[in-house]
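When a ligand or atom number is given, it counts from 1 through the structure's own listing order.
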Amino acid sequence: MGPARARALRRSGGSATPARGRSGERGVRPPGHGQPERRSPRGAAGTGRAGQRGVLPPGHGQPERGVRPPGHGQPERGSPRVAAGTGRAGQRGVLPPGHGQPERGSPRGAAGVPAAAPAPPPARHLFSDPAEVQALRRNLLAWYDRCKRDLPWRTLAATEPDADRRGYAVWVSEIMLQQTQVATVIHYYNRWMQKWPTLQALAQASLEEVNELWAGLGYYSRGKRLQEAARKVVSELAGRMPRTAEELQKLLPGVGRYTAGAIASISYGQATGAVDGNVIRVLCRLRCIGADSSSPAVIDRLWDMANVLVDRSRPGDFNQALMELGATVCVPKSPLCRECPVKQHCQAWHRVEKELAFTSQKLFGKAPPVPDVEDCGVGDCPLCPPATEPWDSSLGVANFPRKAAKKPPRVMRTATCVLERRGCHGAPEYLIVQRPSSGLLAGLWEFPSLPLAQDLKEEKEREELADHLQAWMGQPVAAKGLQFIGEVIHIFSHIHQTYVVYSLHLDGDVTLDPALSPSRWVTEDEFHASAISTAMKKVLKAHEKQRRKESSPVKGSKRKRGAKAQGAGRPCPGTQLSLHAFLRAPTGP
Ligand code: SF4
């Protein structure tokens, strides 16, 4: 179906699939909400038609014991609790059920007007058929049992008999896996669990040791918070891990909704969902959710859905299976739909299949019926793609999920100096200083560095760095004495950082001002064993590369400003050129 027809149908609300549980009907009990929200004014006068379409999904008659399901009885963060809204369900701006948020700009509470029930999401975006939920659980778990990867934290979760150790083992893995790939984490995880197999062992470690082991894994505050939380469990909770998602989130610093759900379901068998990036992608595709998947309203719907779907007898395996599916089959680009164990439950897959059938019928000259590939049929549906970004056939299932455009990363430029001296055995030693205990790369060690203003001239950069070093070492540093090594680029999650690398060889001893940051001289091996960021390792690598070039018999390798320290495009002097490169190479005077 072309975008024009899609738009026309969306405007008219028409679809080959009749809309079920249409939003806008007052008093209809939305699926998944067997009980009216506590303290919510609706329900008293509600005319909920239990047993009709939008059947109560399994496990939704009552909240899980001890767990407050998302959007139930909690106001949105920062929003005042609704006393009595006048929201017009089904109209633009009205949030889906369970969101406790009034319509923007509408007067509420003052006149005591009873709030209308929020509109239920259209059936297309729900799992409202208990038989389908059962089948999906069965298919997904059978696939997981056959295909799951062997991972050290899974082994520990399945074999560790001590509940606190088990919870701790899963917790460490979940924190390490945030924003980091499984392949990278395995090595760190094994080392960590070997060094600190229990909460008690971690609580006794120093932050320096934690940073050293975490070095290279990125997002360093994770390790620090993990250790703080372990200390809290030991000192305030007598070493006993909280057992429910709600308690985990409430009591442990650094444990958010997802991590709490993962630990509680995997370690303690609590039937609660766990929605991470992989799960967001899978659920959005399963139910054709094309609204901004990072918006709080959509996130809350996805949590509701995860809580409906989670298998009651194997919640931990089910959550891991959903994540595994997202990591290995339902990947962001080119998902392996044909191998997918839940494709028969996937609305995005059905839509693509119908489009293909429609196109092939057309090719063979048959008069095809209008394909049933429309959006959910509810005008201004808060979960469908926005009208400005209709379905794009070339993307297939990857139309989902959609995210609001990311903010561009902050661009930063920092001068850094590799200060070097000969150690007592003639081997080089480097000076490293410790970063402040808060902020980016808190507590890690680095070469003396100085943030620079953008578009500073080279001469000025040198002078500023020399002044910085001089103040620090208490002895004159000539700007001309700083040797330019090159530029090293490192991308942090939100910062595009360019390190302008210089080096300075020091003869004799230097007395550093003890009032400034802690500092120490380290050999190369000590440098790599220290709590050093990946960016600083790149800086040392660039420096060593330059040193090797300088000491090689071929001279003339003095680096020019603007040249990248790594991956430079020009051939090294002395390198034999291919014929093509030879013909393109500039001729010297
Ligand atoms: Fe993802 Fe494709 Fe499976 Fe749907 S069928 S869940 S899009 S892999």
**Asked** Taking NZ, NE, NH1 and NH2 as the nitrogens, is one of them in Arg165 or Asp162 under 4.0 Å from a carboxylate oxygen of the other?
**Response** no
**Request:** Under 4.0 Å from a heavy atom of Cys340: give me the atoms of ligand 1 that qualify, with their elements.
**Result:** 3 (Fe), 5 (S), 6 (S), 8 (S)
**Message:** Taking the basic N atoms (NZ, or NE/NH1/NH2) and the acidic carboxylate oxygens, is any pair closer than 4.0 Å for Glu132 and Arg138?
**Reply:** no
**Complete:** Val397 heavy atoms within 4.0 Å reach ligand 1 at atoms 7 (S)
**Request:** Record the part of Cys330 in heavy-atom contact with ligand 1 below 4.0 Å; permitted values are side chain, backbone, both and neither.
**Result:** both
**Asked** Considering only heavy atoms of Trp349, which atoms of ligand 1 have at least one such atom less than 4.0 Å away?
**Response** 5 (S)
**Prompt:** Just going by heavy-atom distances, which of Arg351, Glu339, Lys343 is nearest to atom 5 (S) of ligand 1?
**Reply:** Lys343
**Item:** Atom indices of ligand 1, in the order listed, that fall short of 4.0 Å to a heavy atom of Cys337
**Value:** 2 (Fe), 5 (S), 7 (S), 8 (S)
**Message:** Considering non-hydrogen atoms of the protein only, which is the closest contact for atom 4 (Fe) of ligand 1, and what is the distance?
**Reply:** Cys346 SG, 2.4 Å
**Request:** Examine the side chains of Glu324 and Trp143 and answer whether a donor and an acceptor come within less than 3.5 Å of each other.
**Result:** no
**Request:** For the residue pair Tyr189 and Trp153, categorise the inter-ring angle as parallel (less than 30°), tilted (30 to 60°) or perpendicular (more than 60°).
**Result:** perpendicular
**Message:** Taking the ring of His490 and the ring of Phe492, is the distance between their centroids below 6.0 Å?
**Reply:** yes
**Asked** Does Arg191 count as lying over the ring of Tyr188, i.e. NZ or CZ under 6.0 Å from the six-ring centre, within 45 degrees of the axis?
**Response** yes
**Message:** I need the atoms of ligand 1 closer than 4.0 Å to a non-hydrogen atom of Arg285, numbered in the order shown.
**Reply:** 7 (S)
